[in-house]
Amino acid sequence: MAKADVLARVKQDLALGHTYMATQRLRTLIAIHSDDLELREMLATIYRQTGNLAEAGRWSYLGADVSPTELAAFARANPDSWLRLRMLRWSGDESGLRAGARARL
């Protein structure tokens, strides 16, 4: 299924209040497009709305809009720094990231 089709389904899921299904679809897309920061931010936004700050911190870790509270929640939930790095599932080039994200990575 094409990325645009999956994103349309995500929007439909969210309109119906089906956040779990929307997050699963986005996580699948991120597995395929691991360097797509927009997808990561969409997923982080859903987790913020549902109150899951640790997952919001995970998925916005490389973005510009991550809050210190989210970063702290992600670190508390996953105290091992190597595990946190693996959980990001980032396989893109670091040069495409902003300076703050490169420093965190």
Side-chain angles (χ1 to χ4, degrees):
M1 187 174 292
K3 181 179 173 181
D5 295 334
V6 175
L7 288 175
R9 287 184 178 214
V10 166
K11 289 180 183 179
Q12 183 180 26
D13 290 336
L14 292 174
L16 295 171
H18 300 157
T19 56
Y20 177 78
M21 196 67 224
T23 60
Q24 293 309 301
R25 291 183 202 280
L26 283 172
R27 289 173 75 124
T28 300
L29 271 181
I30 291 170
I32 297 166
H33 305 281
S34 65
D35 60 343
D36 190 327
L37 294 175
E38 184 179 334
L39 292 175
R40 290 171 175 270
E41 190 53 44
M42 288 175 68
L43 184 54
T45 299
I46 296 169
Y47 281 123
R48 279 185 199 109
Q49 292 170 350
T50 59
N52 190 337
L53 296 183
E55 286 297 309
R58 174 184 180 184
W59 296 109
S60 62
Y61 194 86
L62 300 174
D65 295 333
V66 64
S67 75
T69 305
E70 293 167 354
L71 288 175
F74 180 48
R76 268 192 316 277
N78 306 283
D80 182 82
S81 58
W82 178 247
L83 176 62
R84 284 195 308 270
L85 181 62
R86 287 185 51 218
M87 289 180 74
L88 294 177
R89 299 177 191 248
W90 176 258
S91 63
D93 183 16
E94 292 178 27
S95 65
L97 299 173
R98 293 181 184 214
R102 276 196 308 270
R104 285 190 297 273
L105 188 58

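In what follows, residues are counted from 1 in the order of the sequence shown.
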[X] [atom1] to [Y] [atom2] distance, which is reported to the nearest 0.5 Å:
X	Y	atom1	atom2	value
Met87	Asn78	CE	CG	4.0 Å
Glu38	Leu43	CD	CG	12.5 Å
Arg58	Leu53	CZ	CG	15.0 Å
Leu88	Leu105	CG	CG	7.0 Å
Tyr61	Leu85	OH	CG	8.0 Å
Leu26	Trp59	CG	CH2	9.5 Å

By side-chain contact (heavy atoms from CB on, under 4.5 Å) - contacts of Ala56 (at least two apart):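 Testing Ala56 for side-chain contact (heavy atoms from CB on, under 4.5 Å), a comparison that skips the adjacent residues, returns Tyr47, Arg48, Glu70.
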Where do [X] and [Y] come nearest, in terms of heavy atoms and distance?
X	Y	result
Arg84	Pro79	NH1-O, 3.2 Å
Leu62	Ala101	O-CB, 3.2 Å
Gly92	Asp35	CA-CB, 3.8 Å

Do the non-hydrogen side-chain atoms of [X] and [Y] ever get within less than 4.5 Å of each other?
X	Y	result
Asp65	Thr45	no
Leu29	Leu7	yes
Leu39	His33	yes
Thr28	Val6	no

Shared hydrophobic cluster for Ile30 and Met42 (ILVMFWY, side-chain gaps under 4.5 Å): yes
Within one Ile-Leu-Val-Met-Phe-Trp-Tyr cluster: Phe74 and Leu83, side-chain cutoff 4.5 Å: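 In one cluster with Phe74: Leu83, yes.
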Side chain to side chain donor-acceptor pair (under 3.5 Å) contacts touching residues 7-23 (sequence neighbours left out):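 Listed by first then second residue: Asp13-Arg25.
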Within residues 90-105 or reaching into it, pairs that qualify as side chain to side chain donor-acceptor pair (under 3.5 Å) - sequence neighbours excluded: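 Output for this query lists Ser34-Ser91, Asp93-Ser95.
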